[in-house]
Amino acid sequence: MVKEAQYLVRLWLMRTGYAAITLPPFGIYILKERMNEEVLRKHELVHWEQYKKLGVIGFYAKYIYYRIKYGYWAHPMEVEARQP
Ligand SMILES: [Zn+2]
């Protein structure tokens, strides 16, 4: 499910400064030049597990709600994905 980000996804990542994005149910998209980073890959796989627990709608609903409420760094799903 880990894929190289291309076209619009790549453009979006470049513009926002992120290296990867998890887009259920499609997959995990990582910039070609960051594909070998194990920490990044593990981070996105935690998001994939969150999606598996919550389902597609649950994942996006919770993610967007928390994003508005907490921003990025304090976002509980991001905090979980950042644990070593
Ligand atoms: Zn994340």
Side-chain angles (χ1 to χ4, degrees):
M1 95 254 343
V2 177
K3 302 162 189 175
E4 185 184 309
Q6 292 182 321
Y7 309 111
L8 283 174
V9 177
R10 179 175 175 80
L11 193 66
W12 184 83
L13 289 171
M14 301 290 282
R15 291 254 170 115
T16 55
Y18 291 111
I21 185 168
T22 298
L23 288 174
F26 307 108
I28 295 167
Y29 298 88
I30 303 178
L31 289 176
K32 176 176 61 189
E33 56 273 34
R34 307 284 299 272
M35 285 293 265
N36 295 325
E37 293 180 28
E38 202 53 43
V39 171
L40 179 62
R41 201 174 271 260
K42 276 187 178 168
H43 178 101
E44 298 305 322
L45 285 169
V46 172
H47 287 317
W48 194 260
E49 288 307 311
Q50 292 167 343
Y51 146 60
K52 290 292 190 182
K53 280 184 218 146
L54 298 166
V56 177
I57 294 169
F59 177 85
Y60 286 110
K62 197 170 183 180
Y63 193 92
I64 291 165
Y65 174 72
Y66 280 164
R67 182 63 193 256
I68 293 164
K69 192 171 181 187
Y70 298 105
Y72 181 77
W73 286 101
H75 191 305
M77 292 162 77
E78 291 298 340
V79 171
E80 183 187 15
R82 224 178 283 136
Q83 299 307 309

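Just so you know, ligand 1 is whichever comes first in the structure, and atom 1 is the first atom listed for that ligand.
- Here the CD atom belonging to Glu80 is positioned 10.0 Å from the NE2 atom belonging to His43, to the nearest 0.5 angstrom.
- Atom-to-atom distance recorded for Arg67:CZ and Met77:CE is 12.0 Å, nearest 0.5 angstrom.
- Inside a sphere of radius 2.8 Å centred on the Zn ion (ligand 1), the protein N/O/S atoms present are His43 NE2, His47 NE2, Glu78 OE1, Glu78 OE2.
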Evaluation steps, side chain to side chain contact (heavy atoms under 4.5 Å, CB included), between Trp12 and Tyr29 | CA-CA 11 Å; Trp12 184 83; Tyr29 298 88; over 6 Å; no
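- Connection of Tyr72 to Leu31 is established within a shared hydrophobic cluster, with ILVMFWY side chains joined at heavy-atom distances below 4.5 Å, either directly or through further cluster members.
- Partners of Arg34 according to the salt bridge (charged side-chain N to carboxylate O under 4.0 Å, His left out) rule, which considers only residues two or more places apart in sequence or in another chain, are Glu37.
- The two residues Trp48 and Pro24 make their nearest non-hydrogen contact at CZ3-CA, 4.1 Å.
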